[in-house]
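Before we start, here is the structure in question, set down as structure tokens.
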Amino acid sequence: MKIFLIGFMGCGKSTLGRKLATKLGYDLIDLDHQIEKNTGSSVGDYFSAHGEDAFRKLESETLKSLDYPKNCVIATGGGTPCFFDNIDWMNENGTTIYIKMAAPALAKRLESGMAKRPLLRNLTAEGVVEFIENKLAEREGFYNKASLVLSGISLTADDIRAEILARS
Ligand code: S3P
């Protein structure tokens with residue numbers, strides 16, 4: 001079974017993904033890390049050198065061409081479901097889980113890591129909540145196509161596992 005975790009930057013996809021994979025005895029695949037491994041540069045550097053459109057193309061190609069283990073949890077990037085037909089592809093190839101969180105909570109969690117994230121690095125602390133609100137509004141339609149929508153506030157890997165079991 002493939003479990004795709006989707007949601008905005010800072011919602012906890014990577015951390016929850018790691019914990020969920022450990023609990024289930026599944027492999028963890030981090031899509032951004034795979035892209036970094038394939039290109040030999042960080043996502044931030046790739047964005048700077050080639051621009052967002054090139055990154056989105058590469059992201060979609062990587063998503064669809066990875067050699068996935070039979071059972072795995074995939075932590076996707078915040079924008080992954082929102083470009084090309086990626087969300088439909090993920091829904092056809094696995095179970096998608098949207099970790100939902102409101103803009104103020106996301107902004108707080110992103111405070112310390114803004115420089116590493118190409119979409120946030122030029123924003124001021126004041127501008128970030130508004131930016132996230134606008135981006136979330138743009139993206140929510142894609143995120144809501146997930147098989148499961150879970151509130152990210154105090155969400156644990158056990159909660160996610162229970163929700164998956166309840167559905168199967
Ligand atoms: C992005 C999110 C990032 C990374 C890239 C673009 C986005 O992943 O893929 O910086 O568009 O929301 P995380 O959600 O893991 O930070």
Side-chain angles (χ1 to χ4, degrees), residues 2-21 27-66 68 72-90 94 96-125 127-146 148-153 155 157 160:
K2 288 192 202 67
I3 302 169
F4 293 97
L5 300 184
I6 69 171
F8 207 82
M9 291 173 268
C11 73
K13 300 177 295 282
S14 300
T15 310
L16 283 169
R18 187 167 8 91
K19 291 183 178 161
L20 181 64
D27 288 324
L28 173 75
I29 293 183
D30 186 302
L31 190 60
D32 277 342
H33 290 172
Q34 291 294 327
I35 295 170
E36 291 179 338
K37 216 165 87 183
N38 294 348
T39 59
S41 72
S42 72
V43 167
D45 288 348
Y46 193 89
F47 252 73
S48 305
H50 306 280
E52 181 170 356
D53 287 355
F55 174 77
R56 296 305 174 192
K57 205 161 163 270
L58 183 62
E59 180 181 47
S60 185
E61 283 165 7
T62 308
L63 172 75
K64 294 174 187 172
S65 66
L66 276 176
Y68 293 97
C72 56
V73 177
I74 303 106
T76 64
T80 311
C82 315
F83 292 85
F84 307 104
D85 59 345
N86 294 350
I87 184 63
D88 299 327
W89 187 90
M90 288 189 274
T96 49
I97 301 178
Y98 170 28
I99 304 168
K100 189 179 166 109
M101 211 177 269
L106 289 168
K108 202 155 193 314
R109 292 163 58 98
L110 285 164
E111 240 166 37
S112 59
M114 281 178 43
K116 277 190 299 189
R117 289 184 156 94
L119 294 181
L120 306 179
R121 61 189 165 199
N122 296 321
L123 296 172
T124 61
V128 76
V129 178
E130 197 187 336
F131 174 86
I132 295 173
E133 269 164 3
N134 292 336
K135 263 279 172 273
L136 259 185
E138 228 175 271
R139 291 181 168 182
E140 201 104 67
F142 297 96
Y143 292 155
N144 281 327
K145 283 182 147 188
L148 260 171
V149 179
L150 302 178
S151 165
I153 296 287
L155 184 68
I160 303 180

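Numbers here simply count residues along the sequence, with the first being 1. Just so you know, ligand 1 is whichever comes first in the structure, and atom 1 is the first atom listed for that ligand. In this text, all values refer to a predicted model and were calculated from it rather than measured experimentally.
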Applying side-chain contact (heavy atoms from CB on, under 4.5 Å), name anything that partners Ala54, two or more places apart in sequence or on another chain. Tyr46, His50
Using 30° and 60° as the class boundaries, would you call the ring planes of Phe55 and Phe47 parallel, tilted or perpendicular? tilted
Got the residues with a heavy atom under 4.0 Å of ligand 1, by chain and number? Met9, Lys13, Asp32, Val43, Phe55, Arg56, Gly77, Gly78, Gly79, Arg117, Pro118, Leu119, Arg139
Between Lys108 and Glu111, does at least one N-O distance fall below 4.0 Å, as a salt bridge requires? no
Can you check whether Ile74's main-chain N or O pairs, donor with acceptor, with Lys13's side chain at less than 3.5 Å? no
Asp85 side chain vs Asp88 backbone, donor-acceptor pair below 3.5 Å: no
Aromatic plane relationship, Tyr68 with Trp89 - under 30° parallel, 30 to 60° tilted, over 60° perpendicular: tilted
